[in-house]
Amino acid sequence: MSITANEEFKPKIVAFCCNWCSYAGADLAGSSRLVYPADVKIIRVPCSCRVNPMFILHAFEKGADGVILCGCHPGDCHYSTGNYYARRRMALLFSMLDYIGVEHGRTRVEWVSAAEGVKFSQTMNEFVAKITSLGKNVRLEDLRCRK
Amino acid sequence: MQEMINRAKELLSDGTVNRVLGWRRGDMSYNPEPSYFETAEDLDANFVYNGFCGANLSKYMIEGSKLEGKTLVFLKPCDSYSFNQLIAEHRVDRDKAYIIGVGCMGKLSFEKIKEQGVKGITNITIDDANENITVETLYGEKTLAYKDCMLERCHVCKGKEHQIFDETIGESRDTKDADRFAEVEKIEAMSPEEKFAFFQNELSRCIRCNACRNVCPACSCRKCVFDSTKFDSAQKANVDSFEERMFHIIRAFHVAGRCTDCGECSRVCPQGIPLHLFNRKFIKDIDEFYGEFQAGVDPEAKSPLTSFTFNDVEPGVTGGRR
Amino acid sequence: MQRIGVFVCHCGSNIAATVDVKKVVEMVSHEPGVVHAEDYQYMCSEVGQAKIIEAIREKHLTGLVVCSCSPRMHETTFRKTAERAGLNPYMVEIANIREHCSWIHKNMEEATEKAVILARAAIAKVNLDAPLFPGESRVTKRALVIGGGIAGIQTALDIADAGYEVDIVEKTPSIGGRMSQLDKTFPTLDCSACILTPKMVEASANEKIHLYTYSEVEKVSGFVGDFTVDIRKKARSVDMSKCTGCGVCQEKCPSRKTPSEFNRGLNTRSAIYTPFAQAIPNVPVIDREACIKFKTGKCGLCQKVCQAGAIDYEQKDEIVTEKYGAIVVATGFDTIKLDKYDEYAYSQSKDVITSLELERIMNAAGPTKGHLERLSDGKHPKNMVFIQCVGSRCSDKRGKSYCSKICCMYTAKHAMLIRDKYPDVNVTVFYIDVRTPGKNFDEFYRRAVEDYGVNYIKGQVGKVMPQPNGQLLVQGVDLLDNKQILMEADMVVLATAIEPNADVRRIATMLTASIDTNNFLTEAHAKLRPVESPTAGVFLSGVCQGPKDIPETVAQAGAAAVKAIGLLAKDKLMTNPCTAKSDELLCNGCSQCANVCPYGAISYETKLINDHGIREDRRVAVVNSALCQGCGACTVTCPSGAMDLQGFANRQILAEVDAICR
Amino acid sequence: MSISKQAEQIREISGVNPYKCMKCGKCSASCPSFNEMDIKPHQFVSYVLNDDIESLVNSKSLWKCLSCFACIERCPRDVKPGKLIDAARQLVVRQRGEAYLTPDEIPELLDPDLPQQLLVSAFRRYRR
């Protein structure tokens, strides 16, 4: 990994959050002042099922070091069934990334309800720690994008 | 083969069909190509069916369905899965096709023949029993076992049964002698570094000719997302290994749950990239996670990615299986 | 190219204390498309909004980015601001630099950098925004209330009073709910039945109210203003139109061994039964699990004795499909199971009971005809111990983390009633805290102590030990005296925690209403929208939303009714324009999108398509924007990318990703 | 070692967050050794919170706790005073260095009045 010892590695992390549960959970984490690293940037989507595997690959391509998808708990989807589809899509995608040798742990799915500010913050802290330990994403980044 | 020609001529002459979709003799004995035939004369002169007719004709029926009248299409057992899948996706019109299921004794790979150290090939003939092939070369004749020259996909043959047909002609042979997922499992057992190196090596050869996409019966979009401006993923001139990786993952994802494992992608790849390893990984995962599923068996069946159960595996668990 | 204005809010010091707003303004002003950037103390204030309007007009802005609090808070506000200045409201994006930034980061440099990135992502999205226009949908002028307890009854009465049709679906054979099981009510000690029964009668007599008792909601589809609901009317085996409610069938029924649900299993009932004397409707049901006729085919006694010929063994479940504009959930509560609290010996001794069981014992229509007696031997108790917070305020895995709210008051009520009726009984209450906020509540509790001599001890009970002589040995502690207490009791009453009715999970799933970790239904806003669920058109009434007593429940029931009436009073609703849209030129017609659509909003048409000169009939997907709710499931399923979601388009999300990863 | 360091150590050894206590007293209500103790189980928490480990360590209670775990089992807030007292004991034992209990020492210590439960819990705790 090409990080010099004295330069602290700040990972880039994209979090896709569904509008109804996880985004609200992130809001609750905020209003409860539950600290998690600034490396996490949240993109609001209506539902976890809106997240195209292409978005995730694209994020990695553009230099993200980790991507996390948060949605309503299975059974609680605002749109009834969206997260069930997301769960299958992500299960297959993550398995494929693992198969081509991308360190697993760079991708994660977590179900966070609107009431789970604590869980949201904990999840983000854990995820950032994980990505920091994995270091820079060098396998999926399109090197041309760094120029 | 003659039986097929005779039957095709009958169906043409009695007006059941307006044309025949089959394989046309190529410039060499080992490279027939898919083609329409509209006359008895053309059929007699150019129609061919032998061990080299690996091409899956299902996808051609997307266009065939738009033509006037019915088209007679010859489908091998494994091709018929693709046709069924296309019916499920409303891409072909069953009523526009007259399907003759043709027997298949396993199909041959020119690459496999060359791999056995045969050079300067001028002609290849296959014995009637499909046990041996005789390769005429500039340096003399050589006999090879049919089995050793088969396409990878034939070693994991899905069976002799046609999934859909109006009538059948000829005998089939189940050529399965390998485990379908053995190669996938071998890769799964590698370390992340080995896996990455393996795919890096394979995919670095990709020249982005799109042959895999063009031949794939599941890749039947009118306009591919990779050619669309909507996704900012349109082809870039300056391709590198990264983009190939993304292209092949996304392509495999798009056909996941719909891919019948017909193996055409690997067959046509001019660079010999084992593209089926992507599709088969998804098939294996789908089988493991959601129960066995073979696309193209039942056109009414819901694809694994457009259905779910309340207790599906969690992505985290899956990702961390090992 | 858009002309974008960026407005950075200080939110007092909420944002400005951690984010250098001036720097954010400076940084974003160089972003592509940005022609205006400013900051202000409170963007959401009148002055702040006026600044936005002024900028829109002066600089001819085509898009807005407001860097402020969560879009869940003020997105609507700023959309309306934009609209007032003549800008399409959907040309507004919010960068959440409060909840997702200033409130959770402590380092100013870090927070400012993140705020800039979040603003860039919003700018990138606005750059690709297109004006959107809401459609209209109709409102069915009828409401559904799920649950026929006091909450459901009150909501239905209020809705009916406003002139709208309302249906109550109640799963038990009678409306009335938990309140009908109570003996007296605090803080006035009037009889529960005396105040509830008139309301039950009123509900059944009201011509606008239709009761579906012994029925359950089976399926819900549709959306606000236009729900379609399947209601399963379970086979009553009694013809409601013929039954006169004479009760002879219940007297004669030979199967009498089934524990009475209404009396909490303290006595038994017949197989054909009404739960209680004042049941509405006063029409019994046959419990087919218990009925001898259904089990063996022999008997049929009730049919023989029924003068009205109302017994119908052939009756089958019936599914009724109705349309509603609004749905109110009032599913209520139950007490928790005590199987994890062995130390209180609930399962070991019949004389350890829950407070709800005590209500039945104290009730004249209850299993002991209102006499206070031990269930083990029928003896009159001399010493009674009440234990508070059984399963409430437990952050371990055994109980509930919340305060059940009603127990302090009903225990004071029980203690008082017992001391009043039986002055010879010593009553001891072990409590952790006595919580009595509420009008006349603390006075009520003090009366129990001061006027009735109830012995309140601060400290929990560790263990209840049944003795061979039938006594119960209670080991507790008096924390104020710092002494361990060992006392004998004849009866122990457990103030058992309450929890939402077990069915609520199923109902929430059908309604796509969210529930919290304790299975309480989530309100749209904890403070400002307490009776609305986050799902439009679904309202909350009573304990299904959180623990509350009767006065609060009735108040909330009325509030939920008002919200429902406000919706029903509208003729049309504006629909969310962020719906899916299919590009006909790209569509393969493969039907995959329709397979995943939860609303059945996608259909297929064969259309003549002109694809760059090629004219042909193609099967293409068409989205019904009135049905589409904008989840986006279809967009990901579509292999060709023909299906896209307006307001959350593929290119927009990718642009946000780019901005973040830049 | 400073006092607060000790308090910290107790929290670390016990894994208990004493702030979770809501002072319900169920621990004291459950304790079979309550009457033998000078500092009662429900008071352990405040001694830790007030950094008065000294008193806790020198109390009779430290050695009167039977480690029966009733308080741990029943504490509704996961505070588990029994773990705190155990941690305080660990603190003392660790300071004594190698003086752990070994099975050979048991016969000498045996007292017919000693509750069996104490013996079992002593083994559970100190035979490392």
Side-chain angles (χ1 to χ4, degrees), chain C residues 336 338 340-346 385-404 407-408 428-435 456-465 473-487 489 492 494-497, chain D residues 11 14-50 52 55-56 59-62 64-86 115 117:
Chain C
I336 65 164
L338 290 171
K340 288 180 188 143
Y341 287 92
D342 272 348
E343 66 258 39
Y344 296 126
Y346 178 73
V385 166
F386 286 79
I387 305 175
Q388 298 301 92
C389 299
V390 175
S392 300
R393 306 173 69 191
C394 288
S395 57
D396 60 1
K397 288 186 181 67
R398 299 197 293 169
K400 303 291 174 184
S401 59
Y402 50 84
C403 166
S404 292
C407 324
C408 285
T428 307
V429 179
F430 282 92
Y431 70 95
I432 305 174
D433 300 291
V434 177
R435 295 177 165 178
Y456 271 78
I457 298 177
K458 180 172 171 63
Q460 256 297 17
V461 166
K463 207 174 180 185
V464 176
M465 294 161 276
L473 198 58
V474 178
Q475 181 184 316
V477 69
D478 184 337
L479 291 176
L480 300 178
D481 230 2
N482 217 11
K483 278 200 184 115
Q484 204 172 53
I485 291 172
L486 211 55
M487 64 160 64
V492 169
L494 307 176
T496 312
Chain D
R11 285 195 212 176
S14 63
V16 161
N17 176 4
Y19 285 108
K20 291 187 75 177
C21 177
M22 64 170 172
K23 302 189 176 18
C24 69
K26 198 164 179 178
C27 42
S28 284
S30 298
C31 184
S33 300
F34 183 90
N35 291 327
E36 315 286 320
M37 291 187 175
D38 44 1
I39 297 175
K40 308 299 186 190
H42 70 273
Q43 296 173 302
F44 297 167
V45 167
S46 49
Y47 277 85
V48 174
L49 284 178
N50 295 330
D52 190 2
S55 306
L56 203 56
S59 70
K60 276 200 283 177
S61 303
L62 196 64
K64 291 296 176 190
C65 167
L66 298 171
S67 294
C68 72
F69 296 168
C71 54
I72 292 177
E73 200 57 39
R74 293 181 196 154
C75 176
R77 307 291 301 175
D78 260 340
V79 178
K80 305 175 179 173
K83 287 203 168 182
L84 287 178
I85 204 76
D86 193 52
Q117 201 171 19

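A note on names: the letters A, B, ... follow the listed sequences, proteins ahead of strands, and every chain is numbered from 1.
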Problem set entry | Greater than 12 external heavy atoms within 6.0 Å of D:Lys20's NZ | yes

Problem set entry | Top contributor to chain D contacts, counting heavy-atom pairs under 4.5 Å, from C:Cys394, C:Gly459, C:Gly391, C:Gly476 | C:Cys394

Problem set entry | Qualifying salt bridge (charged side-chain N to carboxylate O under 4.0 Å, His left out) pairs, either residue in residues 25-36 of chain D, two or more places apart | C:Glu343-D:Lys26

For this session: Please name the pair of heavy atoms, one in C:Gly462 and one in D:Ser30, separated by the smallest distance, quoted to 0.1 Å.
Result: CA-OG, 3.2 Å

Seminar exercise, completed: d(C:Ile432 CD1, D:Met22 CE) to nearest 0.5 Å is 3.5 Å

Exercise. In terms of heavy-atom pairs under 4.5 Å with chain D, which of C:Gln484, C:Gln475, C:Gln388 leads?
Worked result: C:Gln484

Exercise. Relative to chain C, which segment of D:Cys75 carries a heavy atom at a distance below 4.5 Å: side chain, backbone, both, or neither?
Worked result: backbone

Seminar exercise, completed: One should read off an interatomic distance between C:Gln460 CD and D:Ser28 OG, to the nearest 0.5 angstrom, of 12.0 Å

Exercise. Could you give the distance from CG (C:Asp433) to SG (D:Cys24), rounded to the nearest 0.5 Å?
Worked result: 9.5 Å

Problem set entry | Sidechain-backbone polar pair: C:Arg393 side chain, D:Arg77 backbone, donor-acceptor under 3.5 Å | no

For this session: Taking the side chain as every heavy atom from C-beta outward, state whether C:Asn482 and D:Gln43 have any pair of such atoms under 4.5 Å apart.
Result: yes

For this session: Just give me the residue among D:Glu73, D:Lys40, D:Arg74 that pairs up with chain C most often, heavy atom to heavy atom, under 4.5 Å.
Result: D:Arg74

Problem set entry | Distance (rounded to the nearest 0.5 Å) between D:Lys23 NZ and C:Lys458 NZ | 9.0 Å

Problem set entry | Atom NZ of C:Lys463: over 12 foreign heavy atoms under 6.0 Å | no

Exercise. For chain D, which residues from residues 395-402 of chain C lie under 4.5 Å away (heavy-atom distances)?
Worked result: C:Ser395, C:Asp396, C:Arg398, C:Ser401

